[in-house]
Trainee: 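Structure below; questions to follow.
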2 protein chains.
Amino acid sequence: MANKHSTQHKILDAAQSLFAETGFNGTSLRQITSLAEVNLASVNYHFGSKKELIQAVLQRYLVVLMPRLDQEFTRLLAMQQQNSLNQVLSVFVSPLLELNKVHQNGTRVFLQLLGRGYTDVQGHLRWFFNHNYGRVLDKLVLLVQQACPQLPASELFWRLHFSLGTVVFTMASNEALVEIAEADFDESIDIEGVILRLLPYLSAAIAAPVSTVTQFSQTMPMLASEGR
Amino acid sequence: MANKHSTQHKILDAAQSLFAETGFNGTSLRQITSLAEVNLASVNYHFGSKKELIQAVLQRYLVVLMPRLDQEFTRLLAMQQQNSLNQVLSVFVSPLLELNKVHQNGTRVFLQLLGRGYTDVQGHLRWFFNHNYGRVLDKLVLLVQQACPQLPASELFWRLHFSLGTVVFTMASNEALVEIAEADFDESIDIEGVILRLLPYLSAAIAAPVSTVTQFSQTMPMLASEGR
DNA sequence: CATCAATTTAAACACCTGTTTGAAATGTAC
DNA sequence: GTACATTTCAAACAGGTGTTTAAATTGATG
């Protein structure tokens with residue numbers, strides 16, 4: 001029933017590759033069933049609808065990743081001494097890379113899918129995610145707040161969203177970027193390399209000094225008043 | 001012919017709102033012509049195809065923005081003394097905000113469209129952009145390279161793309177973010193405020209110290225060898 | 001007003017979409 | 001082997017997609 005060559009499994013495998021590559025909206029059920037070599041109707045038979053298939057594809061990774069993250073966050077929160085921002089962000093690395101045990105290239109595929117979830121218009125996915133895993137991410141916010149006590153809450157809010165954008169966008173366009181990078185710099189770069197390049201970037205960004213300039217109009221007033 | 005209520009203009013206006021909101025693939029010509037209150041066939045008559053319409057929507061902003069950026073980049077490159085990273089990034093602010101003269105909320109809409117061009121699978125757009133404006137962005141890379149001489153070229157490539165992701169994602173979800181921010185922190189924030197918050201974030205991120213760790217496997221070998 | 005080009009229009013084109021149907025095939029238990 | 005539930009299958013469904021066609025309308029020029 002749940003063996004590796006069952007119809008369900010073949011559909012999930014085919015779907016995740018195509019979803020990651022061309023997005024949820026850009027992938028048709030016929031493409032999926034054709035790649036999986038199963039009948040078109042079997043998607044609706046086994047998963048109900050395309051929406052539920054999308055959620056099932058993501059759930060395969062989330063049920064592994066989120067408990068691991070929750071465990072790490074809880075561990076850091078229980079620490080006596082202050083955690084550095086680098087320490088907080090580093091706890092993502094190991095749980096993310098363990099997704100390679102779920103499936104070949106699991107880490108890359110999952111992050112790509114996550115990006116698709118934000119950039120494709122998939123309202124049901126956002127609800128699904130917040131409803132099931134919102135509490136885990138609350139712990140992350142708390143940890144970053146402790147690591148950067150000098151940051152006002154509003155500034156932290158924006159910077160965490162900036163960072164989410166960095167990750168999500170990078171993963172959504174991952175293929176293209178890796179292609180260009182390998183052609184231009186003759187470096188073979190995998191998902192692990194990208195994650196390791198992200199860490200110092202995000203650490204420095206989130207902990208950046210807060211700007212004293214609050215209004216552009218103060219420095220260049222002629223622009224701010226026009227055309228809006 | 002080119003007046004504000006011509007069929008062409010009405011199509012471009014309707015198209016840019018829908019494209020920004022639901023992406024290029026997620027928007028149908030019938031939605032566009034319905035919102036613009038013109039006949040369906042007029043899109044193909046005036047623009048040729050949907051692809052060319054997408055390019056025309058972006059071109060309206062690019063022909064304003066890119067010469068301005070080019071001019072600023074050239075000015076900075078001609079300077080005798082070294083430019084700081086902050087100075088380099090700051091030259092984006094004024095040209096971007098001037099897009100509000102092209103159209104109401106032009107800055108936000110343009111940045112949203114730019115993001116859609118990357119996340120939707122639009123190969124023709126990438127070609128169109130590189131072919132027409134590749135040389136301008138080469139100057140930017142040169143400027144950042146001069147401002148951060150310690151950064152290897154490949155590291156700089158990735159960080160510039162990370163930064164593009166930050167900007168694009170933030171603008172794509174700008175409406176929602178501003179709403180939450182205003183409700184939670186009682187601050188009124190517009191596109192200008194967001195751009196000003198981005199500057200120190202991106203400056204610190206791009207200039208971050210380069211990690212000495214090049215392979216995660218060096219620190220946790222048991223993970224790297226499994227499942228890939 | 002007549003002529004000719006530019007534009008708008010409704011209709012149809014061929015193809016793709018997710019989903020449903022009912023019969024055929026397969027697996028399972030007695 | 002017979003009965004029953006599970007799964008597979010080809011076909012059709014209703015609706016959407018970008019694009020094309022040819023006729024109707026409009027605009028400008030002489």
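In what follows, chains carry the letters A, B, and so on, assigned in the order in which the sequence lines appear, proteins first and then strands, with residues in each chain numbered from 1.
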Trainee: I need the CG-C1' distance between B:Asn25 and C:dC16, as an integer number of Å.
Mentor: 14 Å

Trainee: Whole Å only: how far is the CD1 atom of B:Ile54 from the P atom of D:dG18?
Mentor: 10 Å

Trainee: Taking for each residue the nucleotide of DNA chain C bearing the nearest heavy atom, is the 5' side occupied by B:Tyr45 or by A:Tyr45?
Mentor: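 Between the two, 5'-proximity favours B:Tyr45.
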
Trainee: Whether A:Asn39 contacts D:dT7 is assessed here as follows: a side-chain N or O lying under 4.0 Å from the phosphate OP1 or OP2. Is that the case?
Mentor: no

Trainee: Between D:dT17 atom P and B:Lys51 atom NZ, what is the distance in whole Å?
Mentor: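 In whole Å, D:dT17 P and B:Lys51 NZ are 18 Å from each other.
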
Trainee: Donor-acceptor pair, A:Asn44 side chain versus A:Ser49 backbone, under 3.5 Å?
Mentor: no

Trainee: Does B:His46 have a side-chain nitrogen or oxygen under 4.0 Å from the phosphate oxygens OP1 or OP2 of C:dA6?
Mentor: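 No.
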
Trainee: Looking only at side chains, do A:Tyr45 and A:Thr7 share a donor and an acceptor under 3.5 Å apart?
Mentor: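 There is no such pair (donor and acceptor under 3.5 Å, judged by atom type) between the side chains of A:Tyr45 and A:Thr7.
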
Trainee: Is B:Asn44 near enough to D:dG18 that one of its side-chain N or O atoms lies under 4.0 angstrom from OP1 or OP2?
Mentor: no

Trainee: With rounding to the nearest 0.5 Å, note down the distance linking CE in A:Met66 to CG in A:Leu137.
Mentor: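 So the CE of A:Met66 and the CG of A:Leu137 are separated by 5.0 Å.
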
Trainee: Give B:Thr27 one of three labels, base, sugar-phosphate or nothing, depending on what nucleic acid heavy atoms sit under 4.0 Å from its own.
Mentor: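 Sugar-phosphate only.
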
Trainee: How close or far is atom P of C:dT19 from atom CZ of A:Phe47, stated in whole angstroms?
Mentor: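 That distance rounds to 13 Å.
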
Trainee: Does the side chain of B:Ser28 get closer than 4.0 angstrom to OP1 or OP2 of D:dT17 through an N or O atom?
Mentor: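 Answer is yes, contact under 4.0 Å.
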
Trainee: Determine whether a donor-acceptor pair (N or O, by modelled atom type, separation under 3.5 Å) exists between the side chain of A:Arg116 and the backbone of A:Glu21.
Mentor: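 Yes; judged by distance alone, with no hydrogens or angles, the pair exists.
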
Trainee: Enter the inter-axis angle for the ends of the helix from C:dT3-D:dA28 to C:dC30-D:dG1 (five pairs per end, rounded to 10°).
Mentor: 10°

Trainee: Send over the distance from B:Ile11 CD1 to C:dT9 P, rounded to a whole Å.
Mentor: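 Checked: the CD1 to P distance equals 10 Å.
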
Trainee: Look at A:Thr7 and D:dT8 and indicate whether a side-chain polar atom (N or O) is within less than 4.0 Å of OP1 or OP2.
Mentor: yes

Trainee: Measure CD/A:Gln8 against P/D:dT7 and give the value in whole Å, please.
Mentor: 7 Å

Trainee: Please state whether the base of D:dG16 and the side chain of B:Arg30 form at least one donor-acceptor pair under 3.5 Å?
Mentor: no

Trainee: What about the rings of A:Phe19 and A:Phe24, do their centers lie closer together than 6.0 Å?
Mentor: yes

Trainee: Could you tell me if the ring centre of B:Phe157 sits under 6.0 Å from that of B:His161?
Mentor: yes

Trainee: Should the pair A:Arg197-B:Glu155 be classified as a salt bridge under the 4.0 Å nitrogen-to-oxygen rule?
Mentor: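 Between B:Glu155 and A:Arg197 there is a salt bridge, with a charged N closer than 4.0 Å to a carboxylate O.
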
Trainee: Quick one: A:Lys50 NZ to C:dT17 P, roughly how many Å, whole number?
Mentor: 8 Å

Trainee: Find the distance A:Leu29:CG to C:dC15:P and express it as a whole number of Å.
Mentor: 21 Å

